[in-house]
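The structure under discussion appears below in the form of structure tokens.
Note on naming: letters A, B, ... go to the chains in the order of the sequence lines (proteins, then strands), and numbering restarts at 1 for each one. What you see is a predicted model, and the numbers here were worked out from it, not measured in a lab.
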Amino acid sequence: METFLFWFCGAAMVLGGLMTVVQRSAVVSAVWLIFAFVAAAGIFALLHAPFVAILQVLVYAGAIMVLFLFVIMMLQGPVLEGERRRMKPALWPAVAIPPLAVLVLVGTRIADHGTAAFTTPLPAGFGSPTHVAELLLGRYLLAFELISIALLVAIIGALAIGKEERKLPWK
Amino acid sequence: MEVTMTHYLVLAALLFLTGMTGFIVRRNAIVMLMCVELMLAATNIVFAVFARAHADGGGHVFILMNFAIAAAEAAIGLAILVEIYRRRRTVNVDDLKALME
Amino acid sequence: METHANETLLRWIVLAPLLGAAVIGLLNRRLPRRVAGLLACATVGLSFALSVVVFLRMLGLDPEHRRLTDILASWVAYGNLRIDIGFAMDQLSAVMALVVTGVGFLIHVYSLGYMAHDDGFRRFFAYLNLFIFSMMTLVLGENLVMLFVGWEGVGLCSYLLISFWFDGEANAVAGKKAFVVNRIGDFGFLLGMFLIGVTLLPHLAPGEGAFSFAVMQHHAPLLAPVATAIGLLLFLGATGKSAQIPLYIWLPDAMAGPTPVSALIHAATMVTAGVYMIARMNFLYVLTPTAMAVVAAVGAATAIFAGTIALAQNDIKKVLAYSTVSQLGYMMLACGVGAFAMGIFHVMTHAFFKALLFLASGSVIHAMSHEQDMRVMGGLRRKLPVTWWTFLVGTLAIAGVFPLAGFFSKDEILWKTWSSGNTVLWVIGFLAAGLTAFYMMRLVSLTFFGTNRASEEVRHHIHESPATMTVPLVILAVLSIVGGWVGIPAFMGGGAHFEHWLEPVFAGGHAAGTHGAAHAVHDTTMEWILAGASVAWGVLGLLLGWIVYTRRLAVAEAGRRFAGGLPYRILENKYYVDEAYDGAFIRPGYRLSRTVLWKGIDAGLIDGLLVNGSALAVAVVASVLRLFQNGMVRFYAWSITVGLTVFVLYLSFSG
């Protein structure tokens, strides 16, 4: 069962990713991206990270992507602009070679050394909201607080950038 | 065939390379941001894999941190794009060359 | 090691003036003048009050346990090196603390009047408070490193205050000179401190503070093999701070600062830091007769050398400055013959009468519209009655007239010198005492007797100073009279309280040091004879000075001509020491700096090769890199990708 789910979710995720990249319309790209994120949530679930999986759907596929769609709609007209020209065929190898090189490398390594399995047994309740929350508010409390400050800064920054210039309080 | 750790890692690599390639080939800044999100998602999967491998929930915590970073990055990035669009009437990065001296 | 009582008031003694300095210095012009002045006085007054409180508490303790400590924090804890930020007060520190804060408070009050019309009023008080803070750190520091922090702090304040009126070039140069000369001394101090560190550290248990005075005293035998080297190095530091030969040259120039500064820093307190430090390290000096002999010899030589220069100076403050150098020589002489308590006794009495003399001379200068040349003064005793009477008390005290403060301390120093068998040093000291009386009387005669030689306009403005200036004068005059009575020696039927008070601190010194104490019991006739001789000698000097410079100015002129002008010119030009240093050190230094360091190393190597060379390299590399900065975001992204890929490939094939 796990095997089937892995192949299913994995294929969906990679498909979603590819479609995001190749679709001309930004709106369609965004929808495919949501598709890929939901598939990624499945992968998280398979990796015994149920809490993260749920947040992936709620925060990523939900909130963040809504933000993207919202901006796309604000900028309606021009979203297709620029994609009418194709990339010059002469540049294709330059783009393709680095990722392909990495893939070849990965392939040869697997061929040489085989695959590695998960060996460590998991405790009960691993990845559950309780477990993650205990870590987040215990061992990683400082990181938690710092990231909240980073978010605050981002909010203020986004507001400051988005504001009409003459209304900036310090000008 | 049994699903191993390697499978998950290769999957993450594929997703990352997709996002990376997309960032290079696309000209629309919004889609480029989406590609960045793809790469971040790939990293998250790697975090989850190693959390599973070491039975350490710290990886999950850092996925959450990554979520926050992704959200912050999207918010700021999109705000910049909207502002650029207001001034230049375009989000095509090939037309945005102010960085060159 | 003995146990120490804790006393958290100590930190407030030190920190109160710092607080004042911070508030006044930071708020500066936002603070009304009156508030700034009062705040400065109040913080120092608080320090003094707390010192008295702690002192009274000490009186209630058993003499062996009169050492109070207050450790604030650990400063350095590395390996078995431990240095604390902390304060300690024993009998020696208590005397110094009372003198510094007490005299400091009076001088603060005096400055309210003296500096009233100065533009830098607030800056002045901020510096002055900072100075008291540094001086208290020096005096109350629990270890040698804290002492050094205070030592550098007072040096800084001295520099800031000498060049307080920095728009005059001479003042700025004088400040710089003081700073540079002191650096030479500090260099010796630092080396001495390092030597103590490397000697002691291997033998200490972790957590024992190597530089704590208590620990050093406890482990003094370990220091014995290098005691001479340490003693001489530390003494080099003391010659800088306490203006001894060969580093005394900065002190007379330091008179460029405002007169209260000359009184507080360059007479009463800071310059005695060297004496204090040597007294503090007495357990080390008693181990090394060589260093002690050097200290004594340098002290005596300085006493007479500076005394002769003072004979021929015409600037009222310069005379007092050389007199200070000479008196500091006495203190060093006392330390050098093992009479540390007498050295500190003289520090105290000298603080009273020299602060008095400086402040009174400030009052004179104030009245004379900032004229400092005694040749145009004269006849001031009716115009400035308070200043005149207090100045006279100061003069009699420094001349060693019985029963004023100066008599007891100076006589005791000479007696200890005699009784420790240093007859030559005694003769020098005795001669210098006569000189002191003579040049002080010369100063008094030229200033207060005869007729006024100033211009009509200046004469018109002569007036007695305001109460903020005269009240401190009167208080200091009283102290100059009674200050010595705490140390009336045993042969006169006194209790020698001062010496007994300090006895626990200098216990080691007495054991290994002079045999004077034994003498005193058997042979009081000699003490009486010497005391009588020095009083007679002092009075003779005074009389001579009075007669020559008041009654027979013509005689003085004749004497000057008779001396052929040459000896006089030598004295007037201070033995040409400044010129000699200029030729021996400063000019070669300049030449070295110009030709080798500047033209060769700085302009050639550093500017030519390193600075311009690296700029050229950057330019070459940049002309290539510029091609990559084409403004195409996607090109940048691609570059990152390529770099990352190469990096991954490298990692996987290298490992």
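Contacts of Leu9(B) with chain A are absent, with no heavy-atom separation under 4.5 Å from either backbone or side chain. Residue contact with chain B, scored on non-hydrogen atoms closer than 4.5 Å, involves the side chain of Ile147(A) exclusively. Heavy-atom distances place no part of Phe16(B) under 4.5 Å from chain A, backbone and side chain included. At a 4.5 Å heavy-atom cutoff, the contact between Ala48(B) and chain A is made by backbone and side-chain atoms alike. Looking at Ala30(A), the atoms closer than 4.5 Å to chain B (heavy atoms on both sides) sit in the backbone and in the side chain alike. For chain B, the nearby parts of Ser29(A) are the backbone and the side chain; heavy atoms of each come within less than 4.5 Å. Using a 4.5 Å cut-off between heavy atoms, Leu47(A) contacts chain B through both its backbone and its side chain. Contacts between Glu37(B) and chain A at a heavy-atom distance below 4.5 Å involve backbone atoms as well as side-chain atoms. Heavy atoms closer than 4.5 Å to chain B are found in both the backbone and the side chain of Leu136(A). Proximity to chain B (any heavy atom under 4.5 Å) is restricted, for Pro123(A), to the side chain, taken from C-beta onward. Of the atoms belonging to His131(A), it is side-chain heavy atoms, and not backbone ones, that fall under 4.5 Å from chain B. Only the side chain of Leu15(B) comes within contact range of chain A, with at least one heavy atom under 4.5 Å from a heavy atom of that chain. The parts of Gln56(A) that come within reach of chain B are both its backbone and its side chain, each placing non-hydrogen atoms under 4.5 angstrom from that chain. Interface remark: Leu64(B) contributes side-chain atoms only to the contact with chain A (heavy atom separation under 4.5 Å). Within the 4.5 angstrom heavy-atom criterion, no atom of Leu100(A) approaches chain B. Both the backbone and the side chain of Phe68(A) come within contact range of chain B, each with at least one heavy atom under 4.5 Å from a heavy atom of that chain.
Note: Ala51(B) leads Ala12(B), Ala51(B), Ala42(B), Gly19(B) in heavy-atom pairs under 4.5 Å with chain A. Interface remark: of the candidates Ala79(B), Gly77(B), Gly59(B), Ala79(B) forms the most heavy-atom pairs closer than 4.5 Å to chain A. Heavy-atom pairs under 4.5 Å with chain A peak, among Arg52(B), Met32(B), Met5(B), at Arg52(B). The candidate from Ala117(A), Gly107(A), Ala36(A), Ala150(A) with the greatest count of non-hydrogen atom pairs under 4.5 Å with chain B is Ala117(A).
In this structure a side-chain-to-backbone donor-acceptor pair under 3.5 Å is present from Thr6(B) to Ala116(A). The closest donor-acceptor contact from the side chain of Arg26(B) to the backbone of Val21(A) lies under 3.5 Å.
Counting only heavy atoms from C-beta outward, the side chains of Leu69(A) and Ile34(A) approach each other to under 4.5 Å. Here the side chains of Val36(B) and Glu73(B) are in contact, with some heavy-atom distance below 4.5 Å. Inter-residue side-chain proximity for Val10(B) and Leu103(A) is flagged as unmet; no heavy-atom pair is nearer than 4.5 Å. Contact check for Ile45(B) versus Met13(A): side-chain heavy atoms found under the 4.5 Å cut-off. Annotation: side chain of Tyr8(B) is not in contact with side chain of Val46(B) (no heavy-atom distance under 4.5 Å). The closest side-chain heavy-atom distance from His54(B) to Thr120(A) is not below 4.5 Å.
Each of Val52(A), Val132(A), Leu55(A) was evaluated against Ile63(B); a single residue qualifies, Val52(A), per the side chain to side chain contact (heavy atoms under 4.5 Å, CB included) test. Of the options Phe126(A), Tyr140(A), Phe51(A), a ring-ring contact (aromatic ring centres under 6.0 Å, His included) to His60(B) is made by Phe126(A) and by none of the others.
Ring pair Phe4(A)/Phe8(A) is parallel by interplanar angle, where below 30° counts as parallel and above 60° as perpendicular.
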Note to self: Applying side-chain contact (heavy atoms from CB on, under 4.5 Å) to Met19(A) and Val28(A), what does each step give before you reach the verdict?
What the structure shows: CA-CA 9 Å; Met19(A) 294 307 275; Val28(A) 182; over 6 Å; no

